[in-house]
Amino acid sequence: MTATVASHRKPRQHPLASLTGGGSRGARTARTAATLALAGAATATTFDGTGQAVPEPTPAQVKGRVDALYQEAEVATQKYNGAKEAADTARDELSRLQDEAARRTRKLNAARGELGTMAASQYRSGGVDPTVRLLLSADPQRYLDGAAVLERTGSRQATAVAGYARRLGSVRQVRQRAEDTAERLVGTETALKKHRVTIVRKLDAAEQLLDRLTAEQRRRMAGRDGSRGGAADGRADRGAGRGDGLLGGVPTGSGAAEAPNARAAQAVSFAYGALGKPYVWGATGPSAYDCSGLTQAAWKSGGVSLPRTTYTQVSSGPRIDRSQLAPGDLVFFYSGISHVGLYIGDGKMIHAPHPGAPVRIAPVDQMPFAAATRPA
C-alpha cells in the first residue's frame with residue numbers, strides 16, 4: 001500500500017522549472033539563466049566602477065598624504081609632550097607630598113606618644129584628664145570637633161591636645177592632596193598612552209605610503225620640500241655658525257640681521273650646532289629633537305626656560321609681526337600651532353621637520369604661518 005502511494009507522487013522540480021517548462025531541458029535553462037545573471041552582475045559592477053582596480057597614487061599624491069600624516073603626528077606629538085610634562089610634574093608633586101605626609105606623620109606620632117605618657121602618669125596618680133580621654137576616644141570626629149574648646153581651657157593637656165589636632169588635620173590634608181595628585185597622574189599617563197598610539201599609527205601609515213615609491217621617487221620628494229639640511233649641508237652650516245663673520249651670533253651674508261640680544265644670539269648659535277641631528281618625536285636632545293624640543297633646548301642654552309609644547313611656547317613672550325622677525329624669534333605654523341622653528345634671518349628658520357628629515361634650514365613660507373613670538 002505504501003509503495004502504491006509513493007508511485008503516484010510527483011517528482012520534485014527545480015525552483016526555476018516552472019518558468020522554463022520543467023525536465024532536464026528546464027534544468028539546463030535554469031543553469032544558463034543563473035550564469036547570465038552572474039555575468040550581468042559582473043558587467044554592471046564593471047560599468048559602475050566598483051570592480052575596477054584602484055590606480056596607484058602618483059608620487060605627488062603620496063607626498064600630499066604623507067605630509068598630512070606627518071602634520072597629524074606632530075599634533076599628537078605636542079599633545080604627548082604636554083601630557084608627559086603634566087605627568088612629570090604630578091609625579092614630582094606626589095613624591096614631595098608623600099615625603100611631607102611621612103614627615104608630618106612622624107611628628108604626629110611623637111605628639112601622640114607624649115600625650116600617652118601624660119595619660120599614663122595621670123592614671124597612676126588617680127585619674128585621666130578629660131581632654132586626654134577625649135583624645136583616646138574611638139570617635140575621631142568628636143575629638144576634632146572638641147579641639148577648639150579644649151584649647152580654650154588653658155590647661156597643659158588641652159594645649160597638647162590642640163597641637164595634636166592641628167598636626168592630625170595637616171596630615172589628613174597632605175594625604176588628600178597626595179591622593180588627588182595620584183589620581184591626576186593616572187589620567188595623564190592614560191593620555192600619554194593614547195597619544196603615543198596615535199603617533200605610531202600615523203608614522204607607520206606614512207612609512208607604508210613611502211614604501212610604495214622607488215628610491216629615486218623618495219629622493220626627489222625629499223628634494224622638493226624646499227629645505228636644506230642634509231648631512232653635508234648640516235656640516236657646512238655648523239662651520240659657518242662657529243667661524244668668523246658673525247653678527248650678534250648670526251652668520252653674516254645676504255639678508256643677515258642681528259639678534260636683538262645675547263640670549264637670542266646664543267639660541268641661534270645652538271640651533272646651528274644642531275643641524276643634521278635626527279628628528280625623534282618626544283626628544284629634547286642632545287642627540288635628537290622634535291620641533292619644540294629643539295627650540296626649548298636652543299633657548300635654554302641662552303638662559304631662558306621655555307615650556308615644552310608649541311601651544312605653550314607661543315605664549316612665552318610678546319607676539320611679533322612677521323615683518324619684524326629677528327634671529328632667535330620663534331615662528332609657529334598651522335592653525336593649531338602644531339609646529340615651531342627658530343628664525344635665523346633672511347626669511348629662513350632652523351627646525352626639526354619630521355621623521356627621516358634631520359634638523360635643517362628651511363624657508364619660513366614653507367608651511368602655513370600662524371604666529372611669531374620673541375621669548376622674554
Side-chain angles (χ1 to χ4, degrees), residues 67-95 181 183-207 267 270-271 274 277-317 319 328-343 349-360 362 367-376:
D67 288 347
L69 285 167
Y70 280 149
Q71 205 270 320
E72 291 165 8
E74 190 78 82
V75 171
T77 296
Q78 294 308 312
K79 291 179 180 179
Y80 172 90
N81 291 341
K84 186 176 185 302
E85 185 176 45
D88 290 344
T89 299
R91 200 173 288 110
D92 291 343
E93 183 181 357
L94 179 60
S95 178
T181 301
E183 185 176 347
R184 189 171 76 249
L185 178 58
V186 170
T188 54
E189 287 179 337
T190 299
L192 270 177
K193 294 177 182 177
K194 174 185 174 183
H195 298 317
R196 184 185 296 113
V197 167
T198 299
I199 294 166
V200 171
R201 284 179 177 172
K202 299 291 185 183
L203 296 181
D204 283 349
E207 191 60 32
F270 182 97
K277 292 188 177 182
Y279 175 102
V280 174
W281 64 268
T284 57
S287 58
Y289 299 92
D290 64 16
C291 68
S292 57
L294 174 63
T295 51
Q296 183 186 51
W299 271 96
K300 183 179 180 180
S301 73
V304 177
S305 178
L306 295 183
R308 179 63 182 93
T309 66
T310 53
Y311 48 83
T312 50
Q313 287 183 8
V314 75
S315 300
S316 61
R319 294 291 179 91
D329 291 346
L330 303 180
V331 282
F332 300 88
F333 304 91
Y334 301 104
S335 59
I337 313 295
S338 59
H339 191 75
V340 63
L342 188 80
Y343 189 71
M349 65 177 172
I350 294 176
H351 73 141
H354 54 71
V359 176
R360 58 178 57 178
M367 293 173 285
F369 183 86
T373 296
R374 184 166 297 164

Which pair of non-hydrogen atoms, one from [X] and one from [Y], has the smallest distance, and what is that distance?
X	Y	answer
Tyr289	Ala352	O-CB, 4.0 Å
His195	Ala83	CD2-CB, 4.3 Å
Pro353	Ala357	CD-O, 3.4 Å
Leu342	Gly328	CD1-O, 3.3 Å
Val304	Ala376	CG1-O, 3.7 Å

Can you measure from [atom1] ([X]) to [atom2] ([Y]) and round to the nearest 0.5 angstrom?
X	Y	atom1	atom2	answer
His339	Phe333	NE2	CZ	6.5 Å
Thr188	Lys193	OG1	NZ	10.5 Å
His351	Met367	NE2	CE	5.0 Å
Leu192	Asn81	CG	CG	9.5 Å

For a 4.5 angstrom cut-off between non-hydrogen side-chain atoms, does Ser335 reach Pro368?
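No, their side chains stay 4.5 Å or more apart.
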
Which of these, Gln71, Lys79, Glu74, sits in a side-chain hydrogen bond (donor to acceptor under 3.5 Å, both in side chains) with Ser338?
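Filter result, single survivor: Gln71.
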
Kindly list each side-chain donor-acceptor pair under 3.5 angstrom involving residues 197-204, sequence neighbours excluded, with atom names and distances?
residue : atom : partner : partner atom : Å
Thr198  : OG1  : Lys194  : O            : 3.1
Lys202  : NZ   : Glu72   : OE1          : 2.8

Does the [X] side chain pair with the main chain of [Y], one donor and one acceptor, at a distance under 3.5 Å?
X	Y	result
Ser95	Arg91	no
Thr310	Ile337	yes
Asp329	Arg374	no

Modelled atom types, side-chain donor and acceptor of Gln78 and Ser292, under 3.5 Å
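Yes, a side-chain donor-acceptor pair sits under 3.5 Å.
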
So, Thr295 and Gln313: side-chain donor and acceptor under 3.5 Å apart, yes or no?
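There is such a pair between these side chains.
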
Evaluate the side chain to side chain contact (heavy atoms under 4.5 Å, CB included) criterion for residues Arg308 and Gln296: first the C-alpha distance (whole Å), next the side-chain angles of each, then the deciding distance (0.1 Å), finally the verdict.
CA-CA 7 Å; Arg308 179 63 182 93; Gln296 183 186 51; 3.6 Å; yes

Passing option when Asp290 is tested against Thr77, Thr284, Val280 for side-chain contact (heavy atoms from CB on, under 4.5 Å)
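So, applying the side-chain contact (heavy atoms from CB on, under 4.5 Å) to Asp290 and each of Thr77, Thr284, Val280, only Thr77 qualifies.
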
May I have the step-by-step check of side chain to side chain contact (heavy atoms under 4.5 Å, CB included) for Leu330 and Trp299, ending in yes or no?
CA-CA 10 Å; Leu330 303 180; Trp299 271 96; 3.8 Å; yes

Candidate pair Ile350 and Arg360, rule side chain to side chain contact (heavy atoms under 4.5 Å, CB included), full reasoning
CA-CA 5 Å; Ile350 294 176; Arg360 58 178 57 178; over 6 Å; no

